[in-house]
**Q** 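Pasting a structure here, questions to come.
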Amino acid sequence: RNIARVHHRLHELPSNDIRDVLELGCGAGAVAADLAATYEMNVHGPDYDRKQIEIARAAQPESEHLHYRVEDATRLTFQNANFDLVISQNVFHHLADWKTVVQEVNRVLRPRGFFMWFDLVFPKSIARLFQPLLKNHSLYCFADVRSAFERCGFRPLFHEKLVHGLFVHHHLVCQKSEEQ
């Protein structure tokens, strides 16, 4: 499902201009490996969890176009303006400091690069009530996410809201401004 979602969104973008990709929180590496194999993109898949990187390397071995590493998304070691596309699928709610990650995405993304963000969001009242109780995770409403993205110069190109029972997912594809 994650691979299909990324493929679908890629077909809406000028994918010929996308060569260097960062998949934040790559997990077992399936999406990163698919992009490297299908499109011959240079894909870097960082994940904070060392075990996930071990699983990714065992399931989808690294290659000329595919690289994994343990990284903290709030302090990425990649150079500025290094990527044409950054993908984050269901990662931000696992992070205590997701707003810093938005700034890091902005830093490593090239001007006019794309940011695909898919994640859970919560009603504002739930986010405000329960966020103080969480140490290593985040609850946020969509207005918070959109505001943080706009402050970094991301212009929304596509937005979709999906409701699954009590859970609401948002799919957002943004483009970084030229001036950044």
**Q** Residues in side chain to side chain contact (heavy atoms under 4.5 Å, CB included) with Ser63, at least two apart?
**A** His65, Leu66
**Q** Between Val108 and Leu22, does a side-chain contact (heavy atoms from CB on, under 4.5 Å) hold up when you go through it step by step?
**A** CA-CA 9 Å; Val108 301; Leu22 177 68; 4.0 Å; yes
**Q** Does Lys161 reach the main-chain N or O of His169 with its side chain, forming a donor-acceptor pair under 3.5 Å?
**A**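 Between the backbone of His169 and the side chain of Lys161 there is no qualifying donor-acceptor contact (under 3.5 Å).
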**Q** Could you see if Leu109 belongs to whatever hydrophobic cluster contains Phe149? Use Ile, Leu, Val, Met, Phe, Trp, Tyr and a side-chain cutoff under 4.5 Å.
**A**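 Yes, same cluster.
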**Q** State plainly whether one hydrophobic cluster holds both Val121 and Leu95, where clusters connect Ile, Leu, Val, Met, Phe, Trp and Tyr through side-chain heavy atoms under 4.5 angstrom apart.
**A**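 Linked within one cluster.
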**Q** Of all the heavy-atom pairs spanning Ala56 and Gly27, show the shortest one and how long it is.
**A** CB-O, 3.6 Å
**Q** Under 4.5 Å between side-chain heavy atoms, counting indirect links through other Ile/Leu/Val/Met/Phe/Trp/Tyr residues: same cluster for Val145 and Phe158 or not?
**A**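 No; Phe158 is not reachable from Val145 via cluster members.
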**Q** Residues two or more places apart in sequence or in another chain: which of them pass side chain to side chain donor-acceptor pair (under 3.5 Å) with Asp84?
**A**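 Partners of Asp84 by the side chain to side chain donor-acceptor pair (under 3.5 Å) criterion, ordered by chain and then number, come out as Arg110.
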**Q** Between Phe92 and Asp119, which heavy-atom pair has the shortest distance, and what is it?
**A**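 Looking at all heavy atoms of both residues, the shortest contact is N-OD2, 2.7 Å.
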**Q** Say you draw a straight line from CG of Leu13 to CG of Leu85; how long is it, rounded to the nearest 0.5 Å?
**A** 7.5 Å
**Q** Heavy atoms only: give me the nearest Tyr48-Asp72 pair and the separation to one decimal.
**A**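 Minimum heavy-atom separation between Tyr48 and Asp72: CD1-CA, 3.9 Å.
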**Q** Sort and list the pairs that fulfil salt bridge (charged side-chain N to carboxylate O under 4.0 Å, His left out) and have at least one residue in residues 27-54, not counting sequence neighbours.
**A** none
**Q** Would you please test Phe154 and Val105 for side-chain contact (heavy atoms from CB on, under 4.5 Å) and show each step?
**A** CA-CA 10 Å; Phe154 292 118; Val105 168; 3.9 Å; yes
**Q** Would you please name every residue forming a side chain to side chain donor-acceptor pair (under 3.5 Å) with Arg57, sequence neighbours left out?
**A** Glu62
**Q** Of all the heavy-atom pairs spanning Arg146 and Pro156, show the shortest one and how long it is.
**A**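 That closest heavy-atom pairing would be NH2-CG, 3.3 Å.
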**Q** Going hydrophobic residue to hydrophobic residue with side-chain gaps under 4.5 angstrom, can you get from Leu172 over to Val91?
**A**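 Linked, Leu172 and Val91 end up in one cluster.
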**Q** With the threshold set at 4.0 Å, does a side-chain nitrogen-carboxylate oxygen contact exist between Arg5 and Glu160?
**A**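 Answer for the salt bridge query: no.
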**Q** Should Ser147 and Asp144 be marked as a side-chain contact (heavy atoms from CB on, under 4.5 Å) after you check the CA-CA gap, both sets of side-chain angles, and the distance that decides it?
**A** CA-CA 5 Å; Ser147 175; Asp144 294 337; 5.8 Å; no
**Q** Could you please spell out the steps behind the side-chain contact (heavy atoms from CB on, under 4.5 Å) verdict for Asp20 and Asn82?
**A** CA-CA 7 Å; Asp20 299 302; Asn82 202 51; over 6 Å; no
**Q** Can you find a pair of side-chain heavy atoms, one from Ile3 and one from Thr38, that are under 4.5 Å apart?
**A**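 The answer is no; the side chains never approach within 4.5 Å.
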**Q** Do the non-hydrogen side-chain atoms of Glu12 and Val173 ever get within less than 4.5 Å of each other?
**A** no
**Q** Hey, is the main chain of Leu76 close enough, under 3.5 Å, to the side chain of Glu104 for a donor-acceptor pair?
**A** yes
**Q** Out of curiosity, Leu24 CG to Ser88 OG, how far, rounded to the nearest 0.5 Å?
**A** 5.5 Å
**Q** Side-chain heavy atoms nearer than 4.5 Å, only ILVMFWY residues, links allowed to pass through others: does that put Val86 and Trp117 together?
**A**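 Result: yes, single cluster for both.
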**Q** Tell me whether Glu71 contacts the main-chain N or O of Thr77 through its side chain, where contact means a donor paired with an acceptor under 3.5 Å.
**A**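 Between the backbone of Thr77 and the side chain of Glu71 there is a qualifying donor-acceptor contact (under 3.5 Å).
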**Q** With distance as the sole test, does Gln175 use its side chain to make a donor-acceptor pair with the main-chain N or O of Arg112 at under 3.5 Å?
**A**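 Yes: the side chain of Gln175 pairs with the backbone of Arg112.
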**Q** Is any side-chain heavy atom of Ile87 closer than 4.5 Å to one of Leu35?
**A** yes
**Q** How close do Tyr39 and Leu10 get, heavy atom to heavy atom, and via which atoms?
**A**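 So the two residues come closest at CE1-CD1, 3.7 Å.
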**Q** Indicate yes or no: at least one non-hydrogen side-chain atom of Arg9 is less than 4.5 angstrom from one of Phe114.
**A**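 SC-SC contact between Arg9 and Phe114 ruled out.
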**Q** Counting N and O atoms only, with roles assigned by atom type, does the side chain of Glu23 sit under 3.5 Å from a partner on the main chain of Ala32, one being a donor and the other an acceptor?
**A**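 Yes, the answer is positive, given that a donor and an acceptor are paired below the 3.5 Å cut-off.
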**Q** Do Cys26 and Tyr68 have side chains that approach each other closer than 4.5 Å (heavy atoms only, starting at C-beta)?
**A**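 Sidechains of Tyr68 and Cys26: in contact.
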**Q** Does His170 have its ring centroid less than 6.0 Å away from the ring centroid of His159?
**A**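 Yes, ring centres under 6.0 Å apart.
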**Q** Could you pull out all residues at least two apart from Gln103 that satisfy side chain to side chain donor-acceptor pair (under 3.5 Å)?
**A**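 Result, side chain to side chain donor-acceptor pair (under 3.5 Å) vs Gln103: none returned.
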**Q** With sequence neighbours excluded, what pairs up with Phe83 under the ring pair (Phe, Tyr, Trp, His ring centres under 6.0 Å) test?
**A**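 Applying ring pair (Phe, Tyr, Trp, His ring centres under 6.0 Å) to Phe83 gives His44, Phe78.
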**Q** Between Val31 and Val6, what is the shortest heavy-atom contact and its length?
**A** CG1-CG2, 4.1 Å
**Q** Which distance, rounded to the nearest 0.5 Å, do you find between the CG of Leu120 and the CG of Asn90?
**A** 6.0 Å
**Q** Crowded around Arg107 CZ? As in, over 12 foreign heavy atoms under 6.0 Å?
**A**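 Result for CZ/Arg107: enclosed.
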